[in-house]
Number of protein chains: 2
Amino acid sequence: MEKKNAEIVIIEDEEDILELLEYHLAKEGYDVTGFLSADNVERFMEEESPALLIVDRNLPGVEGSEFVAKMRGIGYDTPVIFLTAKDKEGELEEGFKRGGDDYVTKPFNTKELMLRIEALLRRSGVKQSDKLRYRDMILDNQSRELYIDERKVDLTNLEYRLLYTFVKNAQQTLQRDFLRDEVWGDDSDNFHDKTINVAINRLKKKIDPSGEKGYFVPVWGVGYKLG
Amino acid sequence: MEKKNAEIVIIEDEEDILELLEYHLAKEGYDVTGFLSADNVERFMEEESPALLIVDRNLPGVEGSEFVAKMRGIGYDTPVIFLTAKDKEGELEEGFKRGGDDYVTKPFNTKELMLRIEALLRRSGVKQSDKLRYRDMILDNQSRELYIDERKVDLTNLEYRLLYTFVKNAQQTLQRDFLRDEVWGDDSDNFHDKTINVAINRLKKKIDPSGEKGYFVPVWGVGYKLG
DNA sequence: ACGCTTCTGTCATCAAAGTGTCATAAAATG
DNA sequence: CATTTTATGACACTTTGATGACAGAAGCGT
């Protein structure tokens, strides 16, 4: 559970609050870099890749949400928590709309802020919990194992990748081209038409020998989807 | 701008609050399923795959956070927003620790809740499905399925492409040449005059057997348009 | 490196689904 | 009313998917 070397950037013009935050975050084990304005943050983000931004809404010069909107505009997807003294609904909405992921009003409860940070990092960072589920199947990516109703089912490498691709994109019809690229690799030339059919068939038979579950549904002329 | 068809599950024992939430969420375009207790939610989640859970902390029987902890334990990674009347710090922490992603205290500001939902869905990478609508038809391009009045209608590949072309270009009269290029491909030689007629006919009959809806209107000497 | 096991691509065949063609009826046009 | 265009049902053909068998390829332990 210790992975708290995440890098966090704080932009906050009130120096005492900035220090308070730095203190608490450092204590929690985060790598913290504070800024008093948004001025040099963009350059900083080019070099480092912080896992989270904590941004005051009321910054001198460039407004906090403007800054975030701008960063989103040039492609940064870093999670953002806004801080604000005010609690106007309009501001709240604007903050979210411009790409904020969470919002904390000053004066804030430190504990709550820490928890929100943790939740947000969990959700965004290694958000991949290592287990994927579909119906009664559990795909454990750590061990690369499949469990169906608590029962372990051995899959070959290809079968695992194939099933993973389907579960990852559940609800979608996966076209043959997509499967080919995703599972076999886009460099695979001389790809035989029926390779996918056969692979799916084997997988299907392995995870549902009696065929009663109907995991894979063929979409005629297109591909397959989970059913 | 309708893309909000994410599925949301609410577990809340106070019926009036549940209704209020259902109302607001449905109004925003989400697919909502409400539960008064956590009892049947697990089974439900095996079948559907909701994009988000909104869970009251104070449920009768199994406590809200216990339920979430349990779901996390068996592999579900669905984002969770906790609701609570209380604002005890201990509860807050427990909620986050047990896998909550956000936390809203009752009485809550509806607007804020909506914004938090949006932010969380965005962050958790819910693939917003691209669905096309025309009258009572919903064409889901992810799953390649057609729904008419909530009812699923199976289409063949050709039929799907054909209908898609029409819905994509609703309001326009599609000329035969255009349809031929778009649906059959511009390389199709020896193209029989009546092929389009027959194809449209079959499609028409499949999606509106009684012929009362009049989806396809022939434009004499030109082609067809949606009606 | 060797032999053994397992995995995976290819092929042949069968079955099923989809689609084009044709003949004829119906509708629209002027 | 004659002509052109579209509608529709029947039938045949084509395409696609399923499946079992086989063989080459890859991985494994010795």
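Values below: every heavy atom of this structure, side chains too, minus hydrogens, waters and symmetry copies. All chains are named by letter (A, B, ...) in the order of the sequence lines, taking the proteins before the strands, and each is independently numbered beginning at 1.
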Practice problem: Check every strand shown and say whether B:Val219 touches a base, only sugar-phosphate, or nothing at a heavy-atom separation below 4.0 Å. | Solution: sugar-phosphate
Quiz prompt | B:Pro218, nearest nucleotide to its side chain (from D:dG17, C:dG9, D:dT6) | solution = D:dT6
Practice problem: Calculate the interatomic distance between B:Asn201 atom CG and C:dA27 atom C1'; express it in whole Å. | Solution: 13 Å
Self-check item: Closest to side chain of A:His192, choosing from C:dC11, D:dG17, C:dG9
Solution: C:dC11
Self-check item: Side chain of B:Arg202 - closest among D:dT19, C:dT21, D:dT8
Solution: C:dT21
Quiz item: B:Trp220 has a side chain; which of C:dG9, D:dT6, D:dT19 sits nearest to it?
Solution: D:dT6
Quiz prompt | Electrostatic pair A:Arg116-B:Asp102, nearest N-O below 4.0 angstrom | solution = yes
Quiz item: Salt-bridged, A:Lys213 to A:Asp136, with N to O below 4.0 Å?
Solution: yes
Quiz item: C:dT19 P sits how many Å from B:Ile200 CD1, rounded?
Solution: 14 Å
Quiz item: How long is the line joining CG of B:Asn157 and C1' of D:dG17, in whole Å?
Solution: 14 Å
Quiz item: Quick one: is C:dG20 close enough that its OP1 or OP2 comes under 4.0 Å of any side-chain N or O from B:Trp184?
Solution: yes
Exercise. Give the nucleotide from the list C:dG20, D:dG9, D:dG17 with an atom nearest to the side chain of B:Leu158.
Key: C:dG20
Quiz item: What class does the angle between the rings of B:Trp184 and B:Phe191 fall in, given that below 30° is parallel, 30 to 60° is tilted and above 60° is perpendicular?
Solution: perpendicular
Self-check item: d(CG, B:Asp193; P, C:dA23) in whole Å
Solution: 14 Å
Practice problem: Pick base, sugar-phosphate or nothing for B:Lys194, based on heavy-atom distances below 4.0 Å to the nucleic acid. | Solution: base
Practice problem: Ignoring backbone atoms, establish whether B:Lys205 has a side-chain N or O less than 4.0 Å from OP1 or OP2 of D:dA7. | Solution: no
Exercise. Measure from CZ on A:Phe191 to P on C:dT8 and round the result to the nearest Å.
Key: 12 Å
Quiz item: Taking atom P of C:dT19 as reference, at what distance in whole Å does atom CG of B:Leu163 sit?
Solution: 14 Å
Quiz prompt | Separation of D:dG17 C1' from A:Arg176 CZ (nearest whole Å) | solution = 7 Å
Exercise. Look at all strands and tell whether A:Tyr224 reaches a base, only sugar-phosphate, or nothing, counting heavy atoms closer than 4.0 Å.
Key: sugar-phosphate
Self-check item: A:Tyr160 and A:Asp154: side chain donor to acceptor below 3.5 Å
Solution: no
Quiz item: Between C:dC7, D:dA18, C:dG18, which one does the side chain of A:Thr156 approach most closely?
Solution: C:dC7
Exercise. Not counting sequence neighbours, which residues clear ring-ring contact (aromatic ring centres under 6.0 Å, His included) with A:Phe166? List them please.
Key: A:Phe216
Exercise. Report yes if at least one side-chain N or O of B:Asn197 is closer than 4.0 Å to OP1 or OP2 of D:dT6; otherwise report no.
Key: no
Quiz item: Under 4.0 Å: is that the gap between some side-chain N or O of A:Thr195 and OP1 or OP2 of C:dT10?
Solution: yes
Exercise. Mind calculating the distance between CG (A:Leu162) and P (C:dC7) to the nearest angstrom?
Key: 15 Å
Self-check item: Ion pair A:Glu182/A:Arg161, N-O distance below 4.0 Å
Solution: no
